[in-house]
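All ligand and atom numbering here is 1-based and tracks the order in the structure. When reading the values below, keep in mind they use all heavy atoms of this one structure, side chains included, and skip hydrogens, waters and symmetry mates.
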Amino acid sequence: MCAYYDLGGEGVTYHDTDPQNHGSGELNPADGTYLNEFRIQEGVDTSYTKFHRKPDSVDDNPFDKIVPLEDLPYVGWTEPGEWFNITVDVAESGTYAADFLYTSNRGGTISLDVNGKDATGPLQITTTNDPADPLAWRQWHHWNLASQLFKVRFRKGKNVLTVHILTLGNMNLAYFDFKPVH
Ligand SMILES: [Ca+2]
Ligand SMILES: [Ca+2]
């Protein structure tokens with residue numbers, strides 16, 4: 001889950017364009033709740049999927065390719081050059097394929113390192129922009145699952161993934177779902 005990127009701070013476990021979290025404490029006012037104050041002091045910009053909102057549905061909208069889980073934390077407000085690490089604990093060494101849950105209002109490219117080495121090269125992310133949606137702001141909330149976006153090799157035990165935003169940005173990144181390839 002991208003919003004649960006590693007602890008450590010700017011320049012250590014992530015790089016973000018500015019030190020503000022534009023989700024927690026800004027879009028989502030500080031109100032003492034876990035989700036609205038999620039990592040509020042960190043530069044990576046985080047928010048969460050919102051359902052049952054009136055008058056217009058936000059993340060449970062008719063333009064989703066896949067309906068995400070409710071209250072799902074994600075990394076948003078991405079810009080080219082940003083990156084973050086996620087340490088994963090792998091039960092079995094081997095090759096894994098990743099499904100990726102995201103939104104992208106204009107497409108873009110990302111890449112991933114495994115243990116400090118580029119593992120994917122640039123990955124083209126298909127835009128989820130849909131001109132049929134009359135609400136401009138909701139172009140950031142059309143969720144899609146990119147099935148088997150890439151494959152990587154993991155060793156047993158701890159592996160560090162680094163997610164790089166390469167071009168265009170303006171994406172919401174929820175999670176990578178890894179399944180072993182046999
Ligand atoms: Ca920021
Ligand atoms: Ca950012």
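- By the 4.5 Å heavy-atom criterion applied to side chains, Phe100 and Phe150 are not counted as neighbours.
- Metal site remark for the Ca ion (ligand 2): Glu79 contributes no N, O or S atom at a distance under 3.0 Å.
- At least one N/O/S atom of Trp77, whether from backbone or side chain, sits less than 3.0 Å from the Ca ion (ligand 2).
- Distances from the Ca ion (ligand 1) to each N, O or S atom of Asp16 single out OD2 as the nearest.
- Residues Val88 and Lys158 form no side-chain contact, since every pair of their non-hydrogen atoms from C-beta on lies 4.5 Å or further apart.
- Angle O(Asp18) to the Ca ion (ligand 1) to O(Gly43): 90° [nearest 10 degrees].
- Between the Ca ion (ligand 2) and the N, O or S atoms of Asp45, the shortest distance is to OD2.
- For the pair Val152 and Ala119, the tightest heavy-atom approach, listed with the atom from each and the gap, is CG1-CB, 3.8 Å.
- Put simply, the side chain of Tyr74 does not reach to within 4.5 Å of the side chain of Leu173, judged on heavy atoms.
- When distances to the Ca ion (ligand 1) are checked against a cut-off of 3.0 Å, Thr17 contributes no N, O or S atom below that limit.
- Considering Asn105, Val75, Thr103, Ile110 in turn, Ile110 is the only one that fulfils the side chain to side chain contact (heavy atoms under 4.5 Å, CB included) rule with Met171.
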